[in-house]
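So the structure is just underneath, and the comments pick up after that.
Scope of the values below: all heavy atoms of this structure, side chains included, with no hydrogens, waters or symmetry mates.
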Amino acid sequence: LILSEMDYLNDDIKTTIDKLREYYPNDNTFKAHTNILSVISSHFKELHHIHQTLTKVGKLVNKKVQERREENEVDEGDEGKIISIKPDEIFKNLEKLKSVEDRMIYALYTLFPARRLDIKNMKL
């Protein structure tokens, strides 16, 4: 039943991959969508060959993203704007802040993993 609703996961997965690439030119977005399909296809034995193809595509795109990330350089004007994420330095910076609210906000943004939405509804 599930697979009948997902006709884009068929033997012609290259067409689906090409359409995804066309619709999502950003590598990170494309990688996220191919990863979703890869996980779904991994749960069905009959889609093993599709899962393998999607996994290879995901690895290639991820490698490309990582290589680009390693090339990033900080502009001279932005050097002082970057906050270290080393816990020792975060705690030193916390000591410099006077307000409890400022310390809480700084700690929440620097000590919690990025992409955690647990704090979005928090009220101080």
Side-chain angles (χ1 to χ4, degrees):
L1 178 68
I2 292 172
L3 292 178
S4 66
E5 296 294 324
M6 302 172 73
D7 59 345
Y8 47 86
L9 285 179
N10 56 30
D11 288 330
D12 188 22
I13 192 64
K14 183 167 176 10
T15 302
T16 302
I17 292 169
D18 291 342
K19 286 183 181 180
L20 280 172
R21 177 43 100 183
E22 185 180 315
Y23 194 76
Y24 300 109
N26 179 284
D27 285 336
N28 283 318
T29 309
F30 175 69
K31 180 179 75 166
H33 284 82
T34 56
N35 283 345
I36 291 167
L37 294 178
S38 179
V39 169
I40 291 170
S41 64
S42 73
H43 293 284
F44 298 96
K45 288 181 183 177
E46 59 269 25
L47 297 180
H48 178 74
H49 62 291
I50 291 172
H51 170 68
Q52 293 298 316
T53 303
L54 289 166
T55 302
K56 287 177 187 174
V57 169
K59 285 182 178 181
L60 288 172
V61 174
N62 191 51
K63 183 178 179 183
K64 187 176 169 184
V65 168
Q66 292 299 327
E67 287 171 355
R68 190 174 319 125
R69 208 175 268 159
E70 289 175 12
E71 294 173 4
N72 284 348
E73 293 181 10
V74 179
D75 291 334
E76 286 182 31
D78 293 334
E79 287 176 354
K81 297 178 184 177
I82 296 177
I83 298 171
S84 171
I85 57 170
K86 294 178 183 174
D88 293 343
E89 293 186 35
I90 290 172
F91 288 117
K92 285 178 188 175
N93 288 336
L94 277 171
E95 295 299 322
K96 297 175 187 175
L97 300 172
K98 305 294 181 211
S99 159
V100 172
E101 290 86 4
D102 289 344
R103 294 178 76 178
M104 285 177 59
I105 292 169
Y106 184 82
L108 283 171
Y109 279 111
T110 55
L111 295 174
F112 280 83
R115 299 186 182 174
R116 291 286 306 246
L117 298 177
D118 300 352
I119 61 175
K120 74 175 183 173
N121 296 321
M122 185 182 294
K123 294 181 182 178
L124 297 178

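Looking only at side-chain heavy atoms (C-beta outward), K31 and N28 come within less than 4.5 Å of each other. In this structure the side chain of L54 reaches within 4.5 angstrom of the side chain of I17, judged on heavy atoms.
Note on L60: it does not cluster hydrophobically with L37, by side-chain heavy-atom contacts below 4.5 Å among ILVMFWY residues. With hydrophobic clusters built from ILVMFWY side chains whose heavy atoms lie under 4.5 angstrom apart, F30 shares a cluster with Y23. Hydrophobic clustering keeps V39 apart from Y8 (ILVMFWY residues linked when any side-chain heavy atoms are closer than 4.5 Å, directly or through intermediates).
Rounding to the nearest 0.5 Å gives a distance of 11.5 Å between CG of D12 and CG of D7. To the nearest 0.5 Å, atoms OG1 (T34) and NZ (K56) are separated by 14.5 Å. In this structure, CG in N35 is found 11.0 Å from CD1 in I40, a value given to the nearest 0.5 Å. Atom-to-atom distance recorded for M6:CE and T16:OG1 is 10.0 Å, nearest 0.5 angstrom.
In this view, T110 and I83, I90, Y106 satisfy the side-chain contact (heavy atoms from CB on, under 4.5 Å) rule, not counting sequence neighbours.
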If you look only at distance, which donor and acceptor atoms sit under 3.5 Å apart when one is on a side chain in residues 44-52 and the other is two or more places apart or in another chain?
unit_1	atom_1	unit_2	atom_2	d
H49	NE2	D11	OD1	2.8
H51	ND1	S38	O	2.9
H51	ND1	S38	OG	3.3

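Sorted by first and then second residue, the salt bridge (charged side-chain N to carboxylate O under 4.0 Å, His left out) pairs with a member in residues 14-30 read K14-D18, R21-D27, D27-K64, D27-R68; sequence neighbours excluded.
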**Study point:** Worked verdict on K98 versus R103 for side-chain contact (heavy atoms from CB on, under 4.5 Å)
**Key:** CA-CA 7 Å; K98 305 294 181 211; R103 294 178 76 178; over 6 Å; no
